[in-house]
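What follows is one structure encoded as C-alpha coordinates, with my remarks underneath.
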Amino acid sequence: MLDLSIARAVHVVAIVLWIGGVGFVTTVLLPSIRRSRPPAEWFPTLRQAEARFAPQTRWTTAIAGASGLYMLWRLDAWSWVLWARFWWLHAM
(Lines give C-alpha, C1' and ligand atoms only; values in the text may rest on other atoms or scores of the structure.)
Protein backbone atom coordinates (compact mmCIF):
# COMPACT_ATOMS: atom_id res chain seq x y z
CA MET A 1 0.00 0.00 0.00
CA LEU A 2 3.01 2.33 0.20
CA ASP A 3 2.96 2.67 -3.58
CA LEU A 4 -0.64 3.94 -3.44
CA SER A 5 0.28 6.49 -0.80
CA ILE A 6 3.13 7.74 -2.94
CA ALA A 7 0.92 7.80 -6.05
CA ARG A 8 -1.73 9.78 -4.20
CA ALA A 9 0.83 12.27 -2.88
CA VAL A 10 2.31 12.74 -6.36
CA HIS A 11 -1.21 13.15 -7.76
CA VAL A 12 -2.20 15.76 -5.20
CA VAL A 13 1.03 17.75 -5.63
CA ALA A 14 0.60 17.75 -9.42
CA ILE A 15 -2.99 18.99 -9.12
CA VAL A 16 -2.04 21.67 -6.59
CA LEU A 17 0.74 22.98 -8.86
CA TRP A 18 -1.51 22.93 -11.91
CA ILE A 19 -4.59 24.52 -10.32
CA GLY A 20 -2.44 26.89 -8.28
CA GLY A 21 -0.76 28.09 -11.45
CA VAL A 22 -4.08 28.64 -13.16
CA GLY A 23 -5.37 30.48 -10.10
CA PHE A 24 -2.28 32.67 -9.99
CA VAL A 25 -2.56 33.59 -13.65
CA THR A 26 -6.24 34.50 -13.42
CA THR A 27 -6.29 36.26 -10.06
CA VAL A 28 -2.85 37.90 -9.92
CA LEU A 29 -1.12 38.01 -13.30
CA LEU A 30 -3.97 39.12 -15.55
CA PRO A 31 -5.12 41.99 -13.29
CA SER A 32 -1.49 43.04 -12.81
CA ILE A 33 -0.88 43.18 -16.55
CA ARG A 34 -4.06 45.20 -17.08
CA ARG A 35 -3.07 47.71 -14.40
CA SER A 36 0.56 48.11 -15.36
CA ARG A 37 0.58 48.10 -19.16
CA PRO A 38 -1.24 49.85 -21.98
CA PRO A 39 -3.83 47.68 -23.80
CA ALA A 40 -1.53 47.19 -26.81
CA GLU A 41 0.95 45.35 -24.56
CA TRP A 42 -1.51 43.08 -22.75
CA PHE A 43 -1.44 40.19 -25.22
CA PRO A 44 2.35 40.14 -25.82
CA THR A 45 3.01 40.27 -22.07
CA LEU A 46 0.53 37.48 -21.41
CA ARG A 47 2.12 35.40 -24.18
CA GLN A 48 5.52 35.81 -22.51
CA ALA A 49 4.16 34.64 -19.18
CA GLU A 50 2.25 31.79 -20.82
CA ALA A 51 5.41 30.56 -22.54
CA ARG A 52 7.03 30.16 -19.12
CA PHE A 53 3.96 28.58 -17.50
CA ALA A 54 3.06 26.16 -20.32
CA PRO A 55 5.80 23.57 -19.59
CA GLN A 56 4.72 23.37 -15.93
CA THR A 57 1.13 22.87 -17.05
CA ARG A 58 2.08 20.12 -19.50
CA TRP A 59 4.16 18.24 -16.95
CA THR A 60 1.72 18.53 -14.07
CA THR A 61 -1.18 17.46 -16.29
CA ALA A 62 0.77 14.43 -17.52
CA ILE A 63 1.87 13.50 -13.99
CA ALA A 64 -1.68 13.88 -12.62
CA GLY A 65 -3.06 11.73 -15.43
CA ALA A 66 -0.40 9.04 -15.08
CA SER A 67 -0.69 8.85 -11.31
CA GLY A 68 -4.50 8.75 -11.54
CA LEU A 69 -4.39 5.94 -14.08
CA TYR A 70 -1.86 4.10 -11.93
CA MET A 71 -4.17 4.30 -8.92
CA LEU A 72 -7.13 3.07 -10.99
CA TRP A 73 -5.03 0.17 -12.26
CA ARG A 74 -3.51 -0.66 -8.86
CA LEU A 75 -6.91 -0.64 -7.15
CA ASP A 76 -8.55 -2.41 -10.09
CA ALA A 77 -11.10 0.38 -9.96
CA TRP A 78 -12.06 0.57 -13.64
CA SER A 79 -15.66 -0.14 -12.71
CA TRP A 80 -15.69 3.18 -10.86
CA VAL A 81 -15.21 4.89 -14.21
CA LEU A 82 -17.44 2.60 -16.25
CA TRP A 83 -20.39 2.63 -13.89
CA ALA A 84 -20.10 6.26 -12.76
CA ARG A 85 -19.68 5.44 -9.10
CA PHE A 86 -17.96 8.79 -8.74
CA TRP A 87 -19.12 11.60 -11.06
CA TRP A 88 -15.73 13.36 -10.97
CA LEU A 89 -14.03 10.43 -12.73
CA HIS A 90 -16.13 11.17 -15.79
CA ALA A 91 -15.31 14.85 -15.50
CA MET A 92 -11.63 14.04 -15.73
- Do you know the tightest heavy-atom contact between Ala7 and Tyr70? CB-CD2, 3.7 Å

- Query: Do you know which two heavy atoms are closest between Thr26 and Pro31, and how far apart they sit?
  - Reply: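 Heavy-atom minimum between the residues: O-CD, 3.6 Å.
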
- Under 3.5 Å donor-acceptor, Gln56 side chain and Trp18 backbone: no

- Message: Between Ser67 (side chain only) and Ala64 (backbone N and O only), is there a donor and an acceptor less than 3.5 Å apart?
- Response: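 Judged by distance alone, yes, a pair lies under 3.5 Å.
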
Verify the cluster assignment for [X] and [Y]: are they in a single hydrophobic cluster under the rule of side-chain heavy atoms below 4.5 Å apart?
X	Y	result
Leu46	Trp42	yes
Leu2	Val10	yes
Leu17	Trp59	no
Ile15	Val25	yes
Phe24	Leu30	yes

Could you give the distance from [atom1] ([X]) to [atom2] ([Y]), rounded to the nearest 0.5 Å?
X	Y	atom1	atom2	value
Ile6	His11	CD1	NE2	15.5 Å
Arg8	Asp3	CZ	CG	11.5 Å
Glu41	Gln48	CD	CD	10.0 Å
Met71	Leu4	CE	CG	8.0 Å

